[in-house]
Amino acid sequence: PQNKPVVISTWNHGIQANEAAWKVLSKGGKALDAAEQGVRVTESDPNGTSVGLGGRPDREGKVTLDACIMNHKNQCGAVAFLEDIEHPISVARKVMEETPHVMLVGDGAKQFALEQGFKQRELLTEGSKKAWEKWKKESKYKPVVNVENHDTIGLLALDEHGNLSGSCTTSGMAYKMRGRVGDSPIIGAGLFVDNEIGAACATGMGEAIIRVAGSAIVVEFMRNGMSPQDACKAAVDRIVAKHDNLENLQVGFIALNKNGEAGAYSVYSGFNYALKDKTQEELIDAKYNLK
Ligand code: SD4
């Protein structure tokens with residue numbers, strides 16, 4: 001029996017995102033709409049420093065955004081290195097629905113967004129600007145991975161019709177090199193959905209996630225019979241096995257299978273996700289390999 005509808009998403013801010021997604025899902029709406037509507041809340045929150053408005057900038061002081069979305073038919077859309085647009089997830093959806101392509105980046109993505117009617121907006125808030133100026137003084141010009149509770153949002157939804165979709169959106173690693181793109185807009189790395197099996201998304205150090213095709217392998221592990229949590233753990237184990245140096249290498253995965261069962265796992269402690277279905281609304285601490 002399927003537990004549906006159900007939505008899960010990464011970190012504390014997942015609670016608010018799930019609420020918006022639930023408005024769609026509880027009325028019999030589509031998982032794709034839930035995936036988009038949910039993370040738009042996080043993108044608009046100026047206090048979240050890892051997503052959309054208020055996101056930490058690159059080392060030149062520019063906020064650059066990565067996002068992707070995928071539906072139950074393996075259709076997908078993505079934007080990377082996008083500037084000055086508050087809702088990269090909605091631009092990603094437009095790429096999916098209005099173009100023959102999967103991914104647009106940089107100026108091309110922005111030009112497309114403006115043509116689609118998105119408004120230009122400064123995304124660097126006073127707070128993020130101050131933090132960046134402070135970092136510039138003290139830094140050795142090294143990007144920092146944010147392992148606190150304000151991070152990339154990835155959201156997975158199973159709707160009443162039994163269809164899965166997912167979304168992922170971020171301002172990426174704080175103070176990254178200009179032009180750096182992480183895992184979050186890359187289908188198979190930051191997000192993957194296979195409607196026959198399940199869906200997965202990732203947060204944490206994007207480079208490590210890309211190296212193992214993180215979200216894609218979580219789905220493949222579920223295809224081979226693993227539970228969502230075991231599949232997330234197997235992907236974390238793969239990352240651990242492929243890296244000699246695990247210092248600061250936090251990665252977390254969440255997964256949702258076709259039956260509506262959820263799971264998560266991370267390299268280090270501290271990762272959590274939010275779950276909402278008909279009977280529960282909660283924040284769940286992920287299991288992990290290292291303290
Ligand atoms: C990235 N995975 O750009 C994203 C951001 C993130 O902790 O989750 N940072 O690598």
Side-chain angles (χ1 to χ4, degrees), residues 8-11 35 39 50-51 55 64-71 74-82 88-89 91-93 95-96 101-106 109 143 145-147 151-156 164-174 176-177 179-195 197-223 226 228 231-243 246 248-256 263-267 271 273 286:
I8 61 173
S9 57
T10 55
W11 305 107
V39 303
S50 295
V51 183
T64 73
L65 305 174
D66 296 340
C68 71
I69 193 161
M70 189 164 189
N71 73 9
N74 277 63
Q75 291 167 326
C76 43
V79 290
F81 192 39
L82 173 66
I89 199 63
V91 185
R93 182 169 178 172
V95 173
M96 174 174 101
H101 306 306
V102 165
M103 184 182 245
L104 294 176
V105 308
V145 197
N146 180 5
V147 292
D151 224 300
T152 296
I153 185 142
L155 183 149
L156 307 171
L164 287 160
S165 292
S167 55
C168 187
T169 176
T170 189
S171 51
M173 195 185 283
K176 59 196 174 186
M177 287 176 68
R180 179 264 189 190
V181 171
D183 61 304
S184 304
I186 297 178
I187 296 295
L191 173 71
F192 200 68
V193 178
D194 184 326
N195 205 44
I197 305 298
C201 63
T203 176
M205 193 185 282
E207 284 74 4
I209 299 162
I210 294 170
R211 278 186 197 116
V212 302
S215 292
I217 64 171
V218 172
V219 172
E220 292 310 298
F221 287 134
M222 290 194 285
R223 192 189 307 277
M226 285 188 195
C232 291
K233 176 172 176 13
V236 163
D237 290 346
R238 179 74 58 83
I239 287 175
V240 169
K242 297 288 181 188
H243 289 83
L246 294 171
N248 289 327
L249 205 166
Q250 173 67 317
V251 169
F253 291 103
I254 61 172
L256 183 64
Y265 210 87
S266 54
V267 177
F271 176 48
Y273 69 105

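Numbering of residues begins at 1 and proceeds along the displayed sequence. As the structure is a prediction and not an experimental result, all values here were calculated from the model.
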The side-chain contact (heavy atoms from CB on, under 4.5 Å) partners of Thr169 (sequence neighbours excluded) come to Val39, Glu43, Val51, Ala67, Pro88, Ile153
Rounded to the nearest 0.5 Å, the OG1 atom of Thr152 sits from the CE atom of Met173 at a distance of 9.5 Å
OG (Ser266) and CD1 (Ile254) are apart, to the nearest 0.5 Å, by 12.0 Å
Taken in chain and number order and not counting sequence neighbours, the residues that satisfy side-chain hydrogen bond (donor to acceptor under 3.5 Å, both in side chains) with Thr203 are Trp11, Asp151
Sorted by chain and residue number, the side-chain hydrogen bond (donor to acceptor under 3.5 Å, both in side chains) partners of Asp237 (sequence neighbours excluded) come out as Lys233, Asn289
For Cys68 and Pro185, the nearest pair of non-hydrogen atoms, with its separation, is CB-O, 3.6 Å
Applying side-chain hydrogen bond (donor to acceptor under 3.5 Å, both in side chains) to Asp66 and not counting sequence neighbours gives none
In short, Ser215 meets Cys201 closest at the heavy-atom pair OG-CA, 3.4 Å
Output for pair (Thr170 OG1, Ile89 CD1), nearest 0.5 Å, gives 11.0 Å
Is any side-chain heavy atom of Ile217 closer than 4.5 Å to one of Phe192? no
On a heavy-atom basis, the closest approach of Asn248 and Met205 is O-CE, 3.4 Å
Of all heavy-atom pairs linking Ala286 and Ala264, the shortest is CB-CB, 3.9 Å
Check: Leu164 and Leu156 side chains under 4.5 Å, non-hydrogen atoms = no
d(Ser167 OG, Asn71 CG) to nearest 0.5 Å is 12.0 Å
For Ala231 and Val218 the tightest heavy-atom approach is CB-O, 3.5 Å
Closest non-hydrogen atoms of Gly55 and Ser171, given as atom of the first, atom of the second and distance, are CA-OG, 3.5 Å
In this structure, CG of Asn195 is separated from OG of Ser165 (nearest 0.5 Å) by 7.5 Å
Applying side-chain contact (heavy atoms from CB on, under 4.5 Å) to Ile239 and not counting sequence neighbours gives Ala208, Val212, His243, Leu249, Val251, Phe253
For Arg223, the salt bridge (charged side-chain N to carboxylate O under 4.0 Å, His left out) test, sequence neighbours excluded, returns Asp194, Glu220
Sequence neighbours excluded, the answer for salt bridge (charged side-chain N to carboxylate O under 4.0 Å, His left out) partners of Arg180 is Glu207
Across all chains, not counting sequence neighbours, the side-chain hydrogen bond (donor to acceptor under 3.5 Å, both in side chains) partners of Ser9 are Asn18
Rounding to 0.5 Å, atoms CD1 (Ile209) and CD1 (Ile186) come to a distance of 10.0 Å
Applying side-chain contact (heavy atoms from CB on, under 4.5 Å) to Ala234 and not counting sequence neighbours gives Phe221, Met226
Sidechain-backbone polar pair: Lys176 side chain, Gly182 backbone, donor-acceptor under 3.5 Å
no
Residues at least two apart in sequence or cross-chain that pass side-chain contact (heavy atoms from CB on, under 4.5 Å) with Ala109, listed by chain then number, are Val79, Leu82, Leu104
